[in-house]
Structure formats: structure tokens, C-alpha cells
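Each ligand, and each atom within it, is numbered from 1 in the order the structure gives.
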Amino acid sequence: MENPASKFEQSARAISRMMGIIFAMFMVVGGFLVYLMIDPTLSAFSPEPEALVVVTPPEEDDFDKIENGIHLRTGFVEGEGLMTVVNNCTNCHSAKLVTQNRMNAEGWRSTIKWMQETQNLWDLGKNEDIIVAYLATYYAPGEKGRRQNLENIQWYALEE
Ligand code: HEC
């Protein structure tokens with residue numbers, strides 16, 4: 001004759017085994033989900049190495065490219081002292097603030113002085129003469145700041 005207590009014990013053991021299996025499954029699935037949060041693309045298991053992203057700095061030639069007599073990056077006219085102006089006059093404000101102005105040497109010098117006194121512009125040293133000469137030449141009052149003439153235009157006939 002069977003002992004009812006041992007039957008109870010058996011089913012208790014079965015239940016606890018089932019709970020153990022369910023718990024283990026939860027742990028596996030849960031662990032996988034946590035892993036998915038860390039590595040959603042499963043990249044650790046992907047056989048191919050991740051593509052290298054090579055960042056090449058802009059080539060020097062491109063960075064300060066001059067086309068049709070215009071320094072493309074800033075819009076300054078090509079001329080002696082161009083790079084000195086680019087390096088000293090485009091740090092705080094756009095080059096446009098400079099190129100939209102027309103002054104003689106005296107005017108440019110006093111604008112520079114004003115910036116030095118009120119806007120923390122540094123002492124330009126010998127470069128000041130280079131800069132003033134450039135500006136007074138290419139951004140003088142007579143110069144209207146017209147754009148350069150168009151070149152290599154392909155005209156087309158207007159149709160009625
Ligand atoms: C240290 C910062 C700094 C540098 C470098 C600098 N500027 Fe300025 N400049 C300023 C500030 C600030 C203003 C005022 C901007 C505004 O009004 O919004 C200004 C204004 C100007 C103006 C307009 C003045 C006006 O009356 O409206 C001109 C022109 C100018 N700068 C030319 C130059 C030139 C040429 C150089 C190179 C020598 C130069 N800046 C370099 C800070 C600077």
C-alpha cells in the first residue's frame with residue numbers, strides 16, 4: 001500500500017523541479033534580452049570585422065582652394081596678404097563682416113584699433129601692415145564689391 005505522504009512528497013518534488021526549469025528559462029531569456037540591450041546588432045557574433053571609418057582631414061589644397069580669384073572658404077579676393085587676413089580676421093566673426101565693408105587704409109586701421117580696444121583683438125604686430133595693405137587694396141571705397149564677371153557661360157536662346 002502506498003504511503004500518501006510519499007505521494008505528496010513526489011508531487012511537491014515535481015512541482016519544484018518544474019519551477020526550477022521555468023526559472024532557468026527565465027534566466028536564459030532574460031539574460032539574452034539584457035545582452036540585446038547592450039549589443040542590439042549582435043555584433044559580437046558577426047563574423048566580419050566592423051568596417052573601419054577612416055576620417056581624412058580635408059586636403060590642405062582643398063581647404064584653402066582659390067577659384068576664379070576667390071578664396072572659396074571665406075570669399076576673400078585673392079591677393080598678397082590673403083592668408084594673413086584669413087588667419088587673423090575670420091576667427092571671431094564671418095569673413096563677410098569684413099568683405100562687405102569698404103574703407104581706405106586709415107579706416108581699416110581704425111577698425112582694427114577699435115576691435116583691439118573693445119573686442120579683444122590681439123596685437124597683430126607686423127601683420128597689421130600686411131592686413132591693412134591687403135584690405136585697402138581689395139576692399140577700398142572705390143571698389144563696389146561687385147561679384148566677379150562670369151566666365152565660361154553657355155548662353156541659350158529663349159524660346160517664345
Ligand atoms: C578677437 C575677435 C576679433 C577678431 C580676431 C577680428 N574681429 Fe572684427 N570684430 C569683432 C567684433 C566682436 C566685432 C563686432 C561684431 C558685431 O558688431 O556684431 C567686429 C566687427 C568688425 C567689423 C565691422 C565693424 C563695424 O563698424 O561694423 C569689421 C569691418 C571687422 N570686424 C574687421 C575685422 C578685420 C579686418 C579683422 C582682422 C584684422 C578682424 N575684424 C578680426 C571681433 C574681432
> Count I, L, V, M, F, W, Y as connected when their side-chain heavy atoms are under 4.5 Å apart, and connections chain through other members. Are Ile112 and Trp114 then in the same cluster?
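Looking at the clustering, Trp114 is in the same group as Ile112.
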
> Please report which non-hydrogen protein atom sits nearest to atom 29 (C) of ligand 1, along with the residue it belongs to and the distance in Å to one decimal place.
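Of the protein heavy atoms, Asn101 ND2, 3.3 Å lies nearest.
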
> Among pairs that include at least one residue of residues 78-97, which meet side chain to side chain donor-acceptor pair (under 3.5 Å), considering only residues two or more places apart or in two chains?
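Sorted pair list: Asn88-Trp122.
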
> What are the two closest non-hydrogen atoms of Gly81 and Tyr134, and how far apart are they?
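The pair with the smallest heavy-atom distance is C-CD1, 4.1 Å.
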
> For Leu135, counting its heavy atoms only, list the atoms of ligand 1 lying under 4.0 Å from any of them.
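Per the distance check, 35 (C).
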
> Report yes if the side chains of Leu135 and Met103 come closer than 4.5 Å at any heavy-atom pair, otherwise no.
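When only atoms from C-beta onward are counted, Met103 and Leu135 do not touch, as no gap falls below 4.5 Å.
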
> Output, by chain and residue number, all protein N/O/S atoms separated from atom 8 (Fe) of ligand 1 by less than 2.8 Å.
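Protein N/O/S atoms under 2.8 Å of atom 8 (Fe) of ligand 1: His93 NE2, Met115 SD.
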
> Filter on ring-ring contact (aromatic ring centres under 6.0 Å, His included), then keep only pairs touching residues 13-44, sequence neighbours left out; what's left?
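Matches after skipping sequence neighbours: Tyr35-Phe45.
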
> With ILVMFWY side chains joined below 4.5 Å, transitively, what does Leu158's cluster contain besides itself?
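Besides Leu158, the hydrophobic cluster comprises Tyr156, listed by chain and residue number.
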
> Quick check: are there more than 12 heavy atoms from other residues, nucleotides or ligands sitting under 6.0 Å from CD of Gln119?
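It does: Gln119 CD has more than 12 such atoms within range.
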
> Would atom 4 (C) of ligand 1 count as contacted, meaning some protein heavy atom under 4.0 Å?
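It does; a protein heavy atom is within 4.0 Å.
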
> Measure the shortest side-chain to side-chain distance between Arg109 and Asp129 over non-hydrogen atoms and say whether it is less than 4.5 angstrom.
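Yes; the side chains approach each other to less than 4.5 Å.
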
> May I ask you to say whether Arg73 pairs ionically with Asp62, meaning some side-chain N is under 4.0 Å from a carboxylate O?
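So Arg73 does not pair with Asp62 through a salt bridge.
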
> Ion pair present between Glu128 and Lys126, side-chain N to carboxylate O less than 4.0 angstrom?
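Result for this pair is no, no salt bridge flagged.
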
> Between Tyr139 and Trp108, how do the two ring planes meet: parallel, tilted or perpendicular, split at 30° and 60°?
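Taking Trp108 first and then Tyr139, their aromatic rings stand perpendicular (interplane angle over 60°).
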
> Which atoms from ligand 1 have a heavy atom of Asn120 less than 4.0 Å away?
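Here the atoms of ligand 1 in question are 1 (C).
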
> Within the protein, is there a heavy atom lying under 4.0 Å from atom 8 (Fe) of ligand 1?
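Yes, at least one protein heavy atom sits under 4.0 Å from atom 8 (Fe) of ligand 1.
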
> Is there a protein heavy atom less than 4.0 Å away from atom 18 (O) of ligand 1?
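It does not: no protein heavy atom is found less than 4.0 Å away from atom 18 (O) of ligand 1.
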
> Among all the protein's heavy atoms, is there at least one whose distance to atom 25 (C) of ligand 1 comes out below 4.0 Å?
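When distances to the protein are checked, atom 25 (C) of ligand 1 has no heavy atom within 4.0 Å.
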
> Please list, in number order, the atoms of ligand 1 under 4.0 Å from a heavy atom of Trp108.
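Near Trp108, the atoms of ligand 1 are 29 (C).
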
> Which residue holds the protein heavy atom closest to atom 14 (C) of ligand 1, what is that atom called, and what is the gap in Å?
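The closest heavy atom on the protein side is Trp114 CH2, 3.8 Å.
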
> What atoms of ligand 1 come closer than 4.0 angstrom to any heavy atom of Asn88?
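In order of numbering, the contacting atoms are 5 (C), 37 (C), 41 (C).
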
> Look up atom 31 (N) of ligand 1 and tell me if a protein heavy atom lies less than 4.0 Å from it?
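Neighbour list for atom 31 (N) of ligand 1 includes protein heavy atoms (cut-off 4.0 Å).
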
